[in-house]
Structures are given as C-alpha cells and as structure tokens.
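Reviewing the structure listed below.
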Amino acid sequence: MRITFFGPPGSGKGTQAERISEYYGLEHISTGMLLREEIRSGSKLGVRIRKIVESGHLVSDDIVNREVIDRIERIEDYLLDGYPRNLSQAKRLDRFLEETGKPLSGAVFIQVPVEEVLKRLTGRLVCACADGTGFSSEYREGDICRICGKPFVRRSDDSSEVVRNRLDHYHNLTMHLEEYYRGRLLSVDGVGTVEQVFQRIMRALRPWA
Ligand code: AP5
Ligand code: MG
C-alpha cells in the first residue's frame, strides 16, 4: 500500500501515521521530520530551512520533492505524512510514480476544525527525542522526558503567529488536494480520541489494504 496523509497542522497526521504504518509495515515518511533532521544536522541547508519552518511558511518544492523521491525510489510500500502539500508537489509525485509504474493507492484526508487544531497546537509540549510526534504524555515524567532526560518544550513553530501562517498555507494550498485526489480520497473525521480516529482510518483503508 502506498498512501499519503494530509490535513491541517495538528490534525493528528503524525500520531496516526505512526500507528498505521506500524500496523501495515509501511515506511513512514514525514517531510516535517525530515526537515527537522536537516535543521538538527546544522548544515547550511538546515540553517536556511530553519528560517522557513520557524516562520510557518512552506519549504521550496525542489527541496521536499527531492527528499521524498530519493526515499521512495527504493521502496514498495510507504505512508507519506505531510507530503504533498500543494498541487505542484502532488503532480510531481504522480509524474514520478507513473514512470515507475507504482501509483499511489490514494490519499487520506484527516479533517479537524480550526478551533480544535488551535487547542492541540497551543497546548503541545514535545521533546526532541520524540520529534514532536505522538502523544507527548507517554514520554513525560513531570516536565522531563523519560527517554532522554531533557525537558519538554514547545515546538518552535507552535507559537500563535506561526500557527496562523501554517493554517493560511493549509487553506490556500493544501486544501486543493481534496479536489486533486477525488476518486482516490478517503475523508476521515479526526475529532475524537486517538484510538477512535485510528479505528476510523483502519476501517476506511480496508479496500486498499
Ligand atoms: P509538519 O511537521 O508536517 O507539521 P504540520 O503539518 O504543520 O503538522 P503537525 O506535525 O504540527 O501536526 P500533525 O497533523 O502531524 O498532528 P500531530 O499528530 O503532531 O511540518 C512542519 C513544517 O515543515 C511546515 O510548516 C513547513 O514549513 C515544512 N514542511 C513540511 N512538509 C512540507 C512540504 N511537503 N512542503 C513544504 N514544506 C513542508 O498532533 C498534534 C498534537 O495533537 C499533538 O500534541 C498530539 O499529541 C495531539 N493529538 C493528536 N491526535 C489527537 C486526538 N485525536 N485528540 C487530541 N489530541 C490529539
Ligand atoms: Mg506532524
């Protein structure tokens, strides 16, 4: 199975992608995580990417297309999380997949209203070792991470001004994917407990599994 998850920031893409990819044995490829890795590496490119991510804007298509295509070239089954994020990325991905004869099974759209997204993101505390993914409380012991011993902090792009930019890009660019993927799109209600949303996605995915 080759699928992509898209939805607003904070809709639970990372949380659900981790569980679904583990269940189906898919490689979980998150462009947000790949970009944060590049930032942590301290490379010149990482310094450029940091400025863009921390202002809530989108990193250039060339950079993210290359990151993703380099990885999926060598694998059969994967779950893309947060990619594609605009029409040009979606078309580039499809062109590449047509060449390889391994098209995407489809796209999962996780729908969560803005008020809920704002509540989740402004309340989120993460530790770098969990990369801001998953239920942070699993790793927390007081304000310290049980795995690496470092303190929990806000993700650097979760301030209200930056979240506003991220939401603007979502509404102006990413939302068009709903139309683009028509006919190979599963829309899932992302409000509820993590387990409830997981079960909904599992049910929806059955035809592609
Ligand atoms: P990225 O890291 O992908 O961030 P995002 O899409 O803005 O979304 P988040 O990761 O914040 O949220 P999520 O939907 O994964 O939800 P999560 O599971 O974490 O991208 C970061 C940046 O990188 C972008 O802004 C851009 O600059 C750049 N970038 C990335 N991809 C790019 C691309 N393709 N092109 C160009 N630039 C790109 O959950 C959020 C919180 O809610 C957590 O605290 C979680 O514990 C909690 N939660 C999850 N599910 C539930 C639930 N059911 N109920 C209650 N709380 C929940
Ligand atoms: Mg994420």
Side-chain angles (χ1 to χ4, degrees), residues 4-21 28-39 46 48-69 71 79-93 107-128 130-140 152-159 161-175 177 188-201:
T4 175
F5 277 13
F6 74 95
S11 52
K13 299 183 294 296
T15 305
Q16 297 298 336
E18 216 171 78
R19 297 186 64 168
I20 296 285
S21 54
H28 175 194
I29 300 172
S30 152
T31 38
M33 275 159 80
L34 292 174
L35 294 169
R36 285 188 287 278
E37 260 168 40
E38 189 67 49
I39 292 172
R48 267 171 51 211
I49 292 174
R50 177 192 290 273
K51 285 195 190 128
I52 302 168
V53 169
E54 292 191 350
S55 58
H57 297 297
L58 292 188
V59 173
S60 81
D61 291 343
D62 282 352
I63 294 176
V64 284
N65 287 336
R66 200 178 331 120
E67 286 276 357
V68 173
I69 287 172
R71 276 169 180 78
L79 190 169
L80 301 173
D81 158 7
Y83 176 92
R85 212 173 273 241
N86 59 28
L87 284 178
S88 121
Q89 292 176 13
K91 289 177 183 168
R92 177 70 190 94
L93 175 67
V108 176
F109 176 23
I110 306 184
Q111 292 186 295
V112 174
V114 170
E115 314 79 67
E116 173 68 15
V117 154
L118 290 174
K119 199 168 77 189
R120 290 184 190 179
L121 293 183
T122 49
R124 165 160 71 178
L125 287 178
V126 299
C127 173
D131 195 41
T133 314
F135 257 115
S136 317
S137 54
E138 280 175 21
Y139 303 99
R140 270 178 90 173
F152 266 72
V153 290
R154 277 184 99 179
R155 206 169 95 173
S156 58
D157 57 348
D158 276 350
S159 70
E161 192 190 333
V162 176
V163 168
R164 237 191 338 267
N165 288 339
R166 287 161 66 195
L167 278 167
D168 281 350
H169 289 301
Y170 169 72
H171 286 120
N172 296 330
L173 299 168
T174 314
M175 281 282 280
L177 296 179
V188 175
D189 176 7
V191 180
T193 65
V194 170
E195 181 59 28
Q196 284 169 336
V197 178
F198 174 69
Q199 293 301 337
R200 280 178 210 143
I201 297 175

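Note that ligands are numbered from 1 as they come in the structure, with each ligand's atoms numbered from 1 the same way.
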Hey, is [X] one of the residues with a heavy atom under 4.0 angstrom from ligand 1?
X      : answer
Gly10  : yes
Arg155 : yes
Ser60  : no

Item to check | Residue from Lys51, His57, Arg50 passing side-chain hydrogen bond (donor to acceptor under 3.5 Å, both in side chains) with Glu54 | outcome: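 With Glu54 as partner, side-chain hydrogen bond (donor to acceptor under 3.5 Å, both in side chains) holds for just one option, Arg50.
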Which segment of [X] sits under 4.0 Å of ligand 1 when only heavy atoms are counted:
X      : answer
Asp157 : side chain
Arg36  : side chain
Leu35  : side chain
Val59  : both
Gln89  : side chain
Lys13  : both

For [X], counting its heavy atoms only, list the atoms of ligand 1 lying under 4.0 Å from any of them.
X      : answer
Thr193 : 53 (N)
Val194 : 50 (N), 51 (C), 52 (C), 53 (N)
Gly82  : 31 (N), 32 (C), 33 (C), 34 (N)
His57  : 26 (C), 27 (O)

Item to check | Shortest reach to atom 57 (C) of ligand 1 by a heavy atom, considering only Glu67, Arg120, Glu116 | outcome: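 Of the listed residues, Arg120 has the closest heavy atom.
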Next on the checklist: Please state which option from Glu18, Gln16, Arg85, Arg124 has its nearest heavy atom closest to atom 20 (O) of ligand 1.
Outcome noted: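 Considering heavy atoms of Glu18, Gln16, Arg85, Arg124, the nearest to atom 20 (O) of ligand 1 sits in Arg85.
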Next on the checklist: Any heavy-atom pair between the side chains of Val64 and Leu35 that's under 4.5 Å?
Outcome noted: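 Side-chain contact under 4.5 Å: yes.
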Checklist entry - Do Val114 and His171 touch side chain to side chain, with heavy atoms closer than 4.5 Å? => result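 Yes; the side chains approach each other to less than 4.5 Å.
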Looking at every non-hydrogen atom in both residues, tell me the closest pair between [X] and [Y] and how far apart they are.
X      : Y      : value
Asp61  : Ser88  : OD2-OG, 2.6 Å
Val188 : Arg200 : CG1-CB, 3.7 Å
Leu121 : Gly10  : CD2-CA, 3.6 Å
Val191 : Arg120 : CA-NH2, 4.2 Å
Pro8   : Leu167 : CB-CD2, 4.5 Å

Is there a nitrogen or oxygen of [X] sitting under 3.5 Å from a nitrogen or oxygen of ligand 1?
X      : result
Ser30  : no
Gly12  : yes
Gly192 : yes
Asp81  : no
Asp158 : no
Val53  : no
Thr31  : yes
Gly14  : yes

Checklist entry - If you measure from CG on Leu177 to CZ on Phe6, what distance do you get to the nearest 0.5 Å? => result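 Going from the CG atom of Leu177 to the CZ atom of Phe6 covers 5.0 Å.
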Checklist entry - Between atom CZ of Arg71 and atom CD1 of Ile29, what is the distance when rounded to the nearest 0.5 Å? => result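 Those atoms lie 7.0 Å apart.
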Item to check | side chain to side chain contact (heavy atoms under 4.5 Å, CB included) between Leu80 and Leu93, intermediate numbers included | outcome: CA-CA 11 Å; Leu80 301 173; Leu93 175 67; 3.8 Å; yes
Checklist entry - Using 4.0 Å as the upper bound for N to carboxylate O, is an ion pair formed by Glu195 and Arg19? => result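 Yes, Arg19 and Glu195 are salt-bridged.
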Checklist entry - Salt-bridged, Glu161 to Arg164, with N to O below 4.0 Å? => result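 Looking at Arg164 together with Glu161, the answer is no, because their closest N to O distance does not fall below 4.0 Å.
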